[in-house]
Peer 1: 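My questions all concern the structure below.
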Amino acid sequence: MADGATEYEPTEETSFVVDEVSMVIKECVEQTIGVNTYQQSKVNQWTSNIVESILKRLCALNKPFKYIVNAVIMQKNGAGLHTASSCFWDNAADGSCTVRWENKSMYVIISVFGLAI
């Protein structure tokens, strides 16, 4: 690289590890919803609890990232749902993870984006 700059090389301690993030997502969803059935009156609270617990757990990993956590909870009723995301970032340092979790009455889709600081 020009003028003495060094290229960023992430290590295990500083990289976005998709398997690790996926496990955090699944654990937080399970702890919040578990075997509950879809209840419209609880969706707002579930969504808030899930994103807050994921964010708290990710921050506790002490990795050099800013995180964005997005959650969708949808009742299983035959309706279609399509989502997409696109990012302009550094593929070597930044990362994302999307997990679809479901039980008999609902789908939960969580996306986490980690942006290196």
Side-chain angles (χ1 to χ4, degrees):
M1 297 188 87
D3 56 54
T6 58
E7 188 172 329
Y8 175 76
E9 292 187 33
T11 64
E12 180 76 18
E13 292 81 32
T14 62
S15 61
F16 188 91
V17 181
V18 173
D19 291 340
E20 182 178 45
V21 175
S22 178
M23 185 62 69
V24 167
I25 292 170
K26 290 173 186 173
E27 289 172 359
C28 291
V29 173
E30 283 286 338
Q31 290 170 358
T32 302
I33 296 177
V35 296
N36 287 305
T37 58
Y38 182 88
Q39 297 173 24
Q40 184 176 352
S41 62
K42 293 189 176 184
V43 170
N44 284 341
Q45 188 61 49
W46 286 338
T47 305
S48 294
N49 290 349
I50 290 168
V51 296
E52 289 170 13
S53 63
I54 291 170
L55 194 55
K56 184 177 181 180
R57 294 263 311 270
L58 292 174
C59 289
L61 297 174
N62 291 320
K63 292 194 175 189
F65 289 98
K66 293 180 184 179
Y67 294 104
I68 301 165
V69 182
N70 182 48
V72 175
I73 296 177
M74 180 179 160
Q75 183 178 16
K76 282 187 176 179
N77 63 5
L81 174 67
H82 301 273
T83 64
S85 62
S86 180
C87 301
F88 180 75
W89 61 19
D90 181 354
N91 285 331
D94 304 328
S96 68
C97 176
T98 299
V99 172
R100 188 185 88 177
W101 179 94
E102 64 182 280
N103 65 17
K104 292 183 178 186
S105 65
M106 68 185 109
Y107 296 105
V108 179
I109 301 168
I110 308 291
S111 294
V112 173
F113 301 91
L115 308 169
I117 297 174

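Here, residue 1 is the first one in the sequence, and each next residue gets the next number.
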Peer 1: Please say whether the positively charged group of Lys63, taken as NZ for Lys or CZ for Arg, lies over the ring of Phe16, i.e. under 6.0 angstrom from the six-membered ring centre and within 45 degrees of the axis.
Peer 2: no
Peer 1: What about Tyr67 and Ile54, same hydrophobic cluster or not, with Ile/Leu/Val/Met/Phe/Trp/Tyr joined at side-chain heavy-atom distances under 4.5 Å?
Peer 2: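 Same hydrophobic cluster.
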Peer 1: For residues Thr47 and Ala71, report the shortest heavy-atom separation together with the two atoms involved.
Peer 2: CG2-CB, 3.8 Å
Peer 1: Glu102 and Lys76: which non-hydrogen atoms are nearest, and at how many Å?
Peer 2: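 Between these two residues, the closest heavy atoms are OE1-NZ, 2.7 Å.
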Peer 1: Could you pull out the closest heavy-atom pair between Ser96 and Val18, with the gap in Å?
Peer 2: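 What the structure gives for the nearest pair is O-CG2, 3.8 Å.
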Peer 1: Quick check on Lys56: does its NZ atom have over 12 non-hydrogen neighbours (other residues, nucleotides or ligands) under 6.0 Å away?
Peer 2: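 For Lys56, atom NZ is not crowded (no more than 12 foreign heavy atoms under 6.0 Å).
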Peer 1: Does Val69 belong to the same Ile/Leu/Val/Met/Phe/Trp/Tyr cluster as Leu61, with side-chain heavy atoms less than 4.5 Å apart forming each link?
Peer 2: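 Per the 4.5 Å side-chain linkage, Val69 and Leu61 are co-clustered.
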Peer 1: Strictly distance-based, threshold 3.5 Å: is any side-chain N or O of Asn103 a donor or acceptor partner for the main-chain N or O of Thr37?
Peer 2: no
Peer 1: Treat each ILVMFWY residue as a node, draw an edge where side-chain heavy atoms are under 4.5 Å apart, and state whether Ile109 and Val24 are in one component.
Peer 2: no
Peer 1: With distance as the sole test, does Asn70 use its side chain to make a donor-acceptor pair with the main-chain N or O of Ser111 at under 3.5 Å?
Peer 2: no
Peer 1: Check whether any side-chain heavy atom of Val21 lies under 4.5 Å from a side-chain heavy atom of Val99, and answer yes or no.
Peer 2: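 Counting from C-beta outward, Val21 and Val99 never come under 4.5 Å.
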Peer 1: Determine whether Glu30 and Trp101 satisfy the following criterion, side-chain hydrogen bond (donor to acceptor under 3.5 Å, both in side chains), listing intermediate values before the conclusion.
Peer 2: CA-CA 9 Å; Glu30 283 286 338; Trp101 179 94; 2.7 Å; yes
Peer 1: Are Thr98 and Ile110 packed together at the side-chain level, in the sense that at least one heavy-atom pair is separated by less than 4.5 angstrom?
Peer 2: no
Peer 1: Which atom pair, heavy atoms only, marks the closest approach of Ile73 to Tyr38?
Peer 2: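 Reported closest heavy-atom pair: CG2-CE1, 4.1 Å.
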Peer 1: Are the side chains of Phe113 and Trp89 in touch, meaning some heavy atoms are under 4.5 Å apart?
Peer 2: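 A side-chain contact under 4.5 Å exists here.
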Peer 1: Once you round to the nearest 0.5 Å, how far does NZ of Lys26 lie from CZ of Arg100?
Peer 2: 11.5 Å
Peer 1: Rounded to the nearest 0.5 Å, what's the gap from CE on Met74 to OG1 on Thr83? Could you check?
Peer 2: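 The distance works out to 11.0 Å.
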Peer 1: Would a single hydrophobic cluster contain both Val43 and Val51, if residues Ile, Leu, Val, Met, Phe, Trp and Tyr are joined by side-chain heavy-atom contacts under 4.5 Å?
Peer 2: yes
Peer 1: To the nearest 0.5 Å, what is the distance between CD on Glu20 and CG on Leu58?
Peer 2: 8.0 Å
Peer 1: Any heavy-atom pair between the side chains of Gln75 and Gln40 that's under 4.5 Å?
Peer 2: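 A side-chain contact under 4.5 Å is absent here.
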Peer 1: Any sub-3.5 Å donor-acceptor pair from Thr32's side-chain atoms to Val29's backbone N or O?
Peer 2: no
Peer 1: Is the backbone of Ile33 close enough, under 3.5 Å, to the side chain of Asn36 for a donor and an acceptor to pair up by distance?
Peer 2: yes
Peer 1: Please tell me whether Phe65 and Leu55 are part of a single hydrophobic cluster in this structure, the criterion being side-chain heavy atoms less than 4.5 Å apart.
Peer 2: yes
Peer 1: Would you please test Cys97 and Ile25 for side-chain contact (heavy atoms from CB on, under 4.5 Å) and show each step?
Peer 2: CA-CA 9 Å; Cys97 176; Ile25 292 170; 4.1 Å; yes
